[in-house]
Amino acid sequence: MQTAKLARASNIVTWNKWFMTCMGLWPLNVNNFLYVFFTTYMIIYCSMAVRHLLKHFGQAESIIANLTDNIFLSMIIGKMFICRMSCKDMTKFLKAIKDDFTTHNYTSVQEEMAYLRYNELALIFTKYSMSISAFTATMYYLRTFIINWRQFLTGNFSYDELPYPVQPFFEIKDTTTYACVSAYLFITVPIIICGYAGADAYVLSMVLHICGQYAALAYKVDNLLRHQENYQRNIGNIVIKHRLLITLAEILEKNFTIIFLQQTLGTILLLCLTLFHMITNSEHGDNASVVAFILYTFCVSMTIFGYCYIGDCFINESAALRDAFYNTEWYNNPPSCTKLISICMVRAEKPMVLTAAKFFPLSLSTFTNIVKTSMAYLSILRNFIVKF
């Protein structure tokens with residue numbers, strides 16, 4: 001049975017299903033044809049990007065422009081590959097959380113509201129991140145045409161000015177060929193929306209779901225273990241739920257820890273390069289590019305902040321569950337029950353964390369360090385370019 005609020009909460013699975021299905025990567029309905037098609041497309045794209053980089057090697061601004069776009073786009077291949085490899089485990093994950101959207105999973109209004117608070121965050125992040133990403137990806141693609149509109153009208157336009165810094169495997173000599181290549185590159189827009197932003201929304205919303213379940217379990221512990229009625233059954237159910245949440249959290253950490261590392265390192269480079277590019281364009285009076293890069297920077301920053309925020313929530317909620325166990329009068333209970341609670345407390349002593357390939361945990365302090373590192377690299381890059 002579902003209440004109206006829980007029915008709305010289940011939209012988080014539906015929305016993620018739409019975006020991941022577009023890439024053929026929804027765990028419950030994998031489409032290998034779509035996955036291979038988009039992966040092949042991105043490999044071809046990256047090959048053309050490398051050709052462009054080699055052609056303009058030695059031209060600092062061209063190199064920076066190339067890396068600004070193509071580090072971002074090459075990250076999509078990594079996300080798609082990791083999501084595809086995680087499908088088997090995530091199928092188990094999605095089946096396991098199916099009952100979390102039904103009323104019998106919650107014994108009080110407090111539990112349900114604790115979960116819905118995190119679910120609402122996931123819904124808001126997914127809705128706004130996907131909308132902003134769609135707008136930004138489209139505007140970023142069109143910026144070349146907006147900037148060079150006058151040249152288009154007069155016919156004095158270089159065919160090298162493509163929407164993205166790539167070098168095709170053939171020479172563009174006429175408008176028809178240019179239009180065909182531009183149309184081919186437009187495929188990157190839905191790939192960015194579904195393969196980049198969609199994958200992020202998918203991972204973040206699943207983590208927030210587990211955070212919500214941890215918060216609900218903490219209330220369950222506080223409510224049920226303070227009463228002796230049906231104590232044995234209650235503690236048994238709590239231990240089973242706790243073990244399930246640990247297993248689901250470990251699935252997320254095991255499967256997506258490389259995405260966390262890729263996002264962290266990629267963001268450091270992207271913020272540095274994008275801000276440099278934005279400053280350079282503003283000095284040249286290129287307002288259209290400045291607006292595009294502001295949106296680009298906002299999307300990149302929002303994504304890494306989201307990852308660090310959910311990492312912080314993960315740590316806090318697992319610590320809150322530990323405190324909930326300690327705050328019950330477990331020492332006044334029969335030895336058999338005390339033993340079960342002791343096991344839960346010992347396991348809860350080790351907080352659940354999301355890590356970037358086990359190198360460092362994701363938290364708000366990590367976000368601060370990422371921004372500081374990016375600004376330091378930006379300062380070094382500007383000094384280097386001035387001397388260069």
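Here the structure is a predicted model, which means the values were calculated and not measured. The basis for the numbers below is simple: all heavy atoms, side chains too, and nothing from hydrogens, waters or symmetry mates.
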Co-membership, hydrophobic cluster, residues Val353 and Phe93, 4.5 Å side-chain: no

pair Lys220-Leu217: side-chain heavy atoms closer than 4.5 Å: yes

Under 3.5 Å side-chain donor-acceptor pair for Thr188 and Tyr164: yes

hydrophobic_cluster_shared for Ile77 and Val30, side chain cutoff 4.5 Å: no

Heavy-atom donor-acceptor pair, Ser318 side chain to Ile315 backbone, under 3.5 Å: yes

Pair Glu317, Tyr118: side-chain N/O donor-acceptor within cut-off below 3.5 Å: yes

Sidechain-backbone polar pair: Asp174 side chain, Thr177 backbone, donor-acceptor under 3.5 Å: yes

Hydrophobic cluster membership, Leu261 vs Ile251, 4.5 Å side-chain cutoff: no

Hydrophobic cluster membership, Ile259 vs Phe359, 4.5 Å side-chain cutoff: no

Step-by-step salt bridge (Lys or Arg N to Asp or Glu O under 4.0 Å) determination, Glu120 to Lys5: CA-CA 10 Å; Glu120 187 65 25; Lys5 290 182 178 179; over 6 Å; no

Within 6.0 angstrom of Phe81 CZ, more than 12 heavy atoms from elsewhere: no

Under 3.5 Å side-chain donor-acceptor pair for Tyr35 and Asn31: no

Student check: side-chain heavy atoms of Leu73 and Tyr196 closer than 4.5 Å: no

Main-chain N/O of Thr107 paired to Glu111 side chain as donor or acceptor, under 3.5 Å: yes

Donor on one side chain, acceptor on other, His209 and Asp100, under 3.5 Å: yes

